[in-house]
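Have a look at the structure below, then the notes.
All values derive from a computational prediction rather than experimental measurement. Per chain, numbering begins at 1; letters A, B, ... match sequence-line order. Just so you know, these numbers use all the heavy atoms, side chains as well, and skip hydrogens, waters and symmetry mates.
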Amino acid sequence: MLKDISKTTSKNIKMSVLISVGEHPLSARPRRAEQDARALELGLKLAPESLKILYAGSTGDSAATEVLKEYMGMGIDQLEVLDVPPKTDVTLPLLEKLQQDCPDVVLTGIRAENGESSGMLPYLLSEQLNMAMVPAITDILCIDKTTGFAEVLQALPRGQRRKVKVNLPFIASVDMAAAAPRQSAYGSAMRGHLKIDPVTRTMHDAEQEQWQISPAQARPKRLKIVKAKTAADRFKAATAKVQGGSGKVIYDNKESAEAILKLLKDEKVL
Amino acid sequence: MVADFLPNLISILILVSVVLAIVGAVRRVKLWRQGQPSTIHWAGLLAIPRRYLVDLHHVVSSDKYISNTHVATAGGFVLTIISVVLIYLLGISGSILNYALLTSSALMFVGAVFVLLRRRNPPANLSRGPWSRLPFSLLIFSSSFFVLTLPATGKLPADTGGWMLAIMLLVGIAWGVGEMFLGMTWGGPMKHAFAGALHLGLHRRQERFGGGRSTGLKSLNLQKDKLGVEKADDFKWNQLLSFDACVECGRCEKACPAFAAGQPLNPKKLIQDMVVGMAGGSDANFAGSPYPGVDVGTQPASTYKGGEIIPIIDVLVPAKTVWSCTTCRACVQECPMMIEHVDAIVDMRRFETLEKGQTPGKGAEVLENLKTTDNPNGYAPESRMNWAADQNLAVFGEHVQQADVLLWIGDAAFDMRNQRTLRAMVSLLRAANIDFAVLGDKECDSGDSARRLGDEATFQRLAKTNITTMQQYQFKHIVTADPHAFHCLKNEYQDFGGHYDVYHHTGFFADLVKTEKIKLDNKKELSLTYHDPCYLGRYNGEYDAPRYLLEAMGIQIKEMERSKTKARCCGGGGGAPVTDIPGTQRIPDMRMDDAKSTSAEIIAVGCPQCSLMLEGVVEPRPDVKDIAELMLDALSVQDSPLEISLVETHP
Ligand code: SF4
Ligand code: SF4
């Protein structure tokens, strides 16, 4: 069904993968972030030779170093660390680094597993670097440097996929639906090398100083009013595919404002 | 004239073969020396005869036929060689020596006849090929020397038979000496005598001799440049020597549950493949049963001609072969040459996991869970004590700092089936007024499955964590219902500074029953059989305590044909359920069939893994009950403090 990557992907693709230190949801222990590890897996599949792996964060943290080693256990000799002090925004150093490296493709997870976890980083980078941003991809089907295009597969809800054509260079965030990362092997984890780049320009994140971090709480669920009368109805309601299509595109500002206002009133927010 | 000529020629012949045999021996030793350094137990060499006669015979004698046959053949052979060397090389003569030679060669001949009879219709576990030739060579060797010696004893006139007989004798002796002397060191079937004797002396686990036991895996130095075994020369030299000792008797094959289940593992072929990996040649010459489902000679290395050392996994041996093993140790128990299959398998798994990151099936997931949550299923570490929410258990560090007994819970804590066993154990301990406490959420997985899946790093981390935790509290004994944890805590934590007095719950309860701290109603009339867990039985030699307890309840155990040392594994050990290598049937189904054939209605177990594997067999089948559960049912309630202790609460 899908095209064979090796045939359609040009050689000498420059690819960078951004990784972070994740957090296990139950034990809160640091680990390979699930999406980032998938991004790395995708990178290893597509460009094992020329892949650059970047981590921006403090190197003083031994737990973080352990996790970086786990990434290297996926068969990586070297990992570049931008030594960004804690409580410092990582966007700027990453930006400078990527400007130097000029990769064709940058892969990352959708959002971090701890900290701000805003998922903004790939968007900020794409804006500053003037690259396209494709969210939630599961695979890259081909990258053609001569025509300057790549085809990626994007994850949609309920297992659906959408093929998207994108200009090179681009940034993509990798969805959980992408291929699971390979096992981390202790031997190569121990023998891998961390190349530490000191960071010159940083931006102190004054806002962050004020923050209090507490574990995220599940969003309250909207109460569902069960309208179904029969078991068959309930079954349909439970299995029906949520289809788009009821929405409409409004271009006029005034009209759209009114539509929003109406929705808020309907929902009794106002 | 013939009478002078023949002995001279024979002297030369023997001299040449002895020299060639020595050359062969040097070459063989060089092959072994390719391996990694390991302690050389020189003293063991002196113990070879004793080890052969006592320790080895203990194993061999389970098959009386072959043990008697071997004594006659090997004994006759050794005596024949001694006499031959004295007469033909050193030129000593005398009628006593001649008679000795006559008797010994006759003895050997008789033995060889029985070897031949055994080989008329060889069972599938015996190898053919050169091994089928061996009895003829034995016959020729012994009969030639017998006939040759007859004239010297005066029983026959010299020159009997003339040239014809002389030439026949010469050919016979050349053949016999070739097989027996050269084969010994140049790789024929007789290699087992040379390598086997040395292996008995220089065995890597000296503790196994003289009735001892050594079953804990050897720990791995994680700082090394290469972790585990990739190629034959990554084994220790004494492991390489041990592979050469194999006699291809196939006892291991007969005992192996994975082989019987049609999984692609045959421990005998595995050992022979290790020999190919070390000495070259091709596995296509192997003359025994293949790995089920994998034809002999289909591996990439089948055309291998020797020379440089090649990687083992996926070149010489399919990866799924080493991952089929349940580490049940049935092969090691049965092996007359005391070869350590499990060590070799785990060594290769270590390379697969630690260097290649290729643990199959759910292996990677389980190891990742152990890293992030300290339990194989990835449950929240702080939910470890949820099962005991209603039990008011004393927890070390929260309620107490010391207790007589540390009750080790294990991963049964997360499993509803095995929580029943845990509850039963708690009630029994309370009934006996035992002062016990648990580690609570601070307990981690023992590391058993991680270690056997080759992840020595995770095992060592878990072991060290548990040891550090336990260091903080005072207790006299550890009691656990899990033989895997029992084995790790007792035998494998020692390398990391953890020395404990560990009991399996059956052992501990047996003592309590003997001292009448627990009184059991002895009128139970249950139709019951008992399944020996590998890690309790073969690993730790505990066969009696569970049986004692069952009998104390008045039960007459309907023993399965394969019980005690010969018990068939339930299929749950060594991470086998995790790697889940397909075969033609499932090991637990076969074990359940063993149980059914006793027509028992209950199969008693002493291991949470066995409970799970055996309860996973489709009904109708006997009920699966842990001994603790059975004991709780049989607890005589009169004057037992059970009620009181159940309502007693902890601060
Ligand atoms: S340990 Fe058990 S499963 Fe493994 S090879 Fe030996 S007999 Fe077979
Ligand atoms: S490994 Fe041991 S039991 Fe198996 S065939 Fe060889 S000698 Fe016999």
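Shown here is B/Lys362, whose NZ atom has no more than 12 heavy atoms of other residues, nucleotides or ligands within 6.0 Å. For B/Phe496, the CZ atom counts as densely surrounded, since its 6.0 Å shell holds more than 12 non-hydrogen atoms of other residues, nucleotides or ligands.
Neither the backbone nor the side chain of B/Thr458 has a heavy atom closer than 4.5 Å to any heavy atom of chain A. With a threshold of 4.5 angstrom between heavy atoms, B/Phe351 does not approach chain A through any atom at all. Heavy atoms of B/Asp455 lying under 4.5 Å from chain A are absent altogether. When heavy atoms are compared at a cutoff of 4.5 Å, B/Leu367 approaches chain A solely by way of its side chain, counted from C-beta outward. Heavy-atom distances place the side chain of B/Glu382, and not its backbone, under 4.5 Å from chain A.
Here the closest heavy-atom approach between residue A/Tyr186 and residue B/Leu227 is recorded as CD2-CD1, 3.6 Å. Contact record, B/Ala380 with A/Leu26: N-CD1, 3.7 Å, taken as the closest heavy-atom pair.
Chosen from B/Ser383, B/Gly363, B/Ala364, the residue pairing most often with chain A at heavy-atom distances under 4.5 Å is B/Ala364.
Between B/Lys356 atom NZ and A/Gln183 atom CD the span is 11.5 Å, to the nearest 0.5 Å.
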Is there a side chain to side chain contact (heavy atoms under 4.5 Å, CB included) between A/His24 and B/Lys371? Walk through the geometry before answering. CA-CA 10 Å; A/His24 192 276; B/Lys371 276 183 205 164; over 6 Å; no
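In this structure a side-chain-to-backbone donor-acceptor pair under 3.5 Å is present from A/Ser27 to B/Thr372.
With B/Glu368 as reference, A/Arg32 is the one residue of A/Arg29, A/Arg182, A/Arg31, A/Arg32 to meet the salt bridge (Lys or Arg N to Asp or Glu O under 4.0 Å) rule.
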